[in-house]
Amino acid sequence: MFDFLHELTPEQKKAATIVDGPLMIIAGAGSGKTRVLTHRIAYLIATGISPRNILALTFTNKAANEMKQRIHKLLSSSDAYAVWAGTFHSMFLRILRTEHERLSLAENITIYDTDDTLRRIKYILKEFGLDEKQYNPNYVAHRISEAKMKLLGPFEYLNHSQIQAEDRARRVPQLGTIYQTYQHQLQLSNALDFDDIIYYTYILFNNHPDLLEKYSQIFRYILVDEYQDTNEAQYQILKLLTTYHQNICVVGDDAQSIYAFRGANIKNILNFQKDFPSATIVKLEQNFRSTGIILEAANHVIQQNKKQLQKKLWTNNPTGQPITLIKALDEVHEAEEVVSRLFHSKNTFQTKNGDFTILYRTNAQSRPFEDALRKMNIPYKVYGSLSFYNRKEIKDFLAYLKLIINPHDEEALLRVINYPTRGIGDVTINHLIQLARKENTSIWNILLRLNNISHALPAGSVIRLNGFKNLIQSFQESKFDHLYELAMHVYKKSGMRQDIESLNEEEKLSRSQNIEELINSIQSFEQSFTFENFKAPTLADYLYTISLITTGDNTPSEEEDHVKLMTVHAAKGLEFPIVFIVGLEENLFPLSYLELTDPDNIEEERRLFYVALTRAQRKVFLSYAQTRFRFGDRIATAPSRFLREIPQHLFEQTQKYPSPAETTVHKTIIAKNQNSSTSKHHIPPEEIAPIEHILPGQQVLHATFGKGYVESIEGEGERKRAVVVFDSVGKRILVLKFARLKILS
DNA sequence: CTCCTCCCTTTTTTT
DNA sequence: AAGGGAGGAG
């Protein structure tokens, strides 16, 4: 019956089979954490515990789904799908939707994303007549979010003497009032932001003992993955839910805590034993993922951090290949070098595209890699950037859909009340807002009562406003068998389609394709939802799902063999055979936007680098560029301090340590060093042709691309470029200043 | 009320 | 480099 446990090591087995009481599993990178979690849940079910009494909180929706599938396999029973598994946000939203009456929330809530929150704050600042320079909207949003994650509502915020003193010192004394207004407006809009989902769940359990008891009974066994990244509010909810039965199992690794900016409180994991004195601690220290070299590098890096739980990660895996360091001139060259390594090792070792992953610190870095991969005809996919849902046309369209389920949503309403333009201008809108504020109600309620108060507005405006109201109501009343049919209807009747058709070719194509993609995705959502839930989804089901989408969720089918690109944050919890960690430069990784002098900031960046290294199974490539385009300027960069924290003997021996002084070195010297680290075709410096000697028609040799034919020369001076057709990679445009070509004929 | 142009900021990571 | 906001003309 428990046959599946034989797959585990003694320590893993212990972690999987201690059923009752608090348990903390310190799971080092690659120590089989997911395996332990799935076996543990399977074990609980096999001992007779109902899957409906198990709550498993994961970091992404994808992780939750994969977990269910694996448990399903272990047990050969569909019981697995009855486990409550998902992210904090999706699980708690489910509870809030069920219990909405107890919090005086409407049934159909809208979820505001970061963008919506920011727009709302800007509105409020305008209404208050406050300057955005003094009250930076991003800072205001951050403060409000921080307060909620610490369970401070507007009332507590305004009565917190220390916070008030802080705000006065920072010259933002009205922040508390802004928070209060923001929260009030969200309430009138029937809207919750991400932090509210957690915050209100706490309020729900804390203020309603009967509900706390109800859910404590349901969630008899609670498992929390990535515990090091939980925040104070999440921790307090867990404390409440486990008061009666104490059956809490947390899994985490303090060395992989990388979400402090999101309120993650590393104390949660460091203090677990204090919080749950009867806790058992199991440490998983054997790494099954990486080679000896990768692990040694990672261990050296993380040892630089002062604040951490003591543990020693070890492995029986082979030593493996040394780490390759790639030094590039700029971000474009960096991408070309990375892709050419990738191409080379793919051909040499018969590796699939899907074995390669490129990790970077910031989303903006993906562009040159995409270009380079496209040039080489290598399929790739950028994971995790949610930019699709941030596109204007998508947001506009979703605003219409949101208004169908919740017309009080002021953010959605203001977004489309005059899009496409229908003669409702700023004056009318401001008037409307004034009326709503005066009556302390939503704009939609004003629209509903328009005929009673029409004397307040010009007759023409009233007609147009009624037209908009009728449009939304017609959507609400329309009946379709399928959501995508409704979506299609809304697209046409709202006037969005006509507006998009009227744009220039390029815009028209890209926007209508995006809308089409969205409508297709609605259709496939309907199919999978119906398959899993034995009933058709409502529009609300769809909107909630996309509101809480997490980075790993856009799972492409496994048969597509493509290179993966993502941020290090998005790579958390995943593993890949061959990993390129790129942009290893001071101020980029570690990123410095505030103070790199703050040891806490550096330690968090270092943990991030540690996470990146430990994703790799077989081989790591590290790269950095010596200049980079930032804020419209090309600036010199220095190699990351993290590179020097890896022992030199772990690198490929032809390579030199990057020195901090290197960036001040001039380009000629950079050009010399260049050859040693990246070339397949060695070109001694004295053989590099002067720029003016390169002419169309010549055969030339490039260090990376090999032999090629100069088709043409363009540009002058610093910008002089050559179009070269290479035997290996086809046509390339090279900036001659950097190209370092040798003339063959 | 709408459209156009110019200027400004933005780039940290994500639920 | 690009998109949004402000401000002005029609």
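Values below: all heavy atoms of this structure, side chains included; hydrogens, waters and symmetry mates excluded. Throughout, a chain's letter reflects where its sequence line sits, starting with A, and its residues are numbered from 1.
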Taking the minimum atom-to-atom distance to the side chain of [X], which one of [options] wins?
X	options	value
A:A364	B:dT2, B:dT11, B:dT14	B:dT11
A:N418	B:dT2, B:dT14, C:dA6	B:dT2
A:F194	B:dT15, B:dC3, B:dT14	B:dT15
A:T362	B:dT14, B:dT15, B:dT13	B:dT13

Using a heavy-atom cut-off of under 4.0 Å over every strand shown, decide if [X] touches base, sugar-phosphate, or nothing.
X	result
A:Y259	sugar-phosphate
A:D426	sugar-phosphate
A:I424	sugar-phosphate
A:V427	sugar-phosphate
A:D113	nothing
A:S547	nothing

Original post:
Has the side chain of A:R361 got a donor or acceptor that lies under 3.5 Å from a partner of the other kind on the base of B:dT13?
Top reply: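 Between B:dT13 and A:R361, which were checked side chain against base, a qualifying N/O pair under 3.5 Å is present.
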**OP:** Report yes or no: is there a donor-acceptor pair, N or O only, under 3.5 Å between the side chain of A:T114 and the base of B:dT14?
**Re:** no
Subject >> Side-chain donor or acceptor of A:E331 paired with backbone N/O of A:Q365 under 3.5 Å >> reply: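 Side chain of A:E331 to backbone of A:Q365, a donor-acceptor pair under 3.5 Å: no, none is there.
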Report the distance from atom [atom1] of [X] to atom [atom2] of [N], rounded to the nearest whole Å.
X	N	atom1	atom2	value
A:L118	C:dG3	CG	P	18 Å
A:R391	C:dG4	CZ	P	13 Å
A:K392	C:dG5	NZ	C1'	14 Å
A:M566	B:dT14	CE	C1'	15 Å
A:Q365	B:dT10	CD	P	19 Å
A:K122	B:dC8	NZ	P	16 Å
A:H431	B:dC1	NE2	C1'	17 Å
A:N61	B:dT14	CG	C1'	13 Å

Original post:
If you pin A:I429 and A:H89 to their nearest nucleotides in DNA chain B, which one's is more 5'?
Top reply: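 Comparing both residues, the 5'-ward one is A:I429.
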**OP:** Could you check A:T428 against A:E604 and say which one's nearest nucleotide on DNA chain B is further toward the 5' end?
**Re:**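 Between the two, 5'-proximity favours A:T428.
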Original post:
Just to confirm, is there a sub-4.0 Å distance from OP1 or OP2 of B:dT11 to any side-chain nitrogen or oxygen of A:N363?
Top reply: no
Original post:
Given B:dT14, is OP1 or OP2 found less than 4.0 Å from the side-chain N or O atoms of A:T567?
Top reply: yes
**OP:** Kindly check if the number of other-residue, nucleotide or ligand heavy atoms within 6.0 Å of CZ (A:R367) is above 12?
**Re:**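 No, the 6.0 Å shell around CZ holds no more than 12 heavy atoms from other groups.
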**OP:** Verify the neighbour count for atom NZ of A:K239: are there more than 12 heavy atoms of other residues, nucleotides or ligands below 6.0 Å?
**Re:**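 Atom NZ in A:K239 is packed in, count exceeds 12.
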Original post:
Have A:Y544 and A:R94 got a donor and an acceptor in their side chains that come within less than 3.5 Å?
Top reply: no
Original post:
Any cation-pi pair here, A:K572 with A:F59, using under 6.0 Å and within 45°?
Top reply: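 Yes, cation above the ring, under 6.0 Å and within 45°.
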**OP:** Assess the pair A:H569 and A:Y259: is the distance between their ring centroids shorter than 6.0 Å?
**Re:** yes
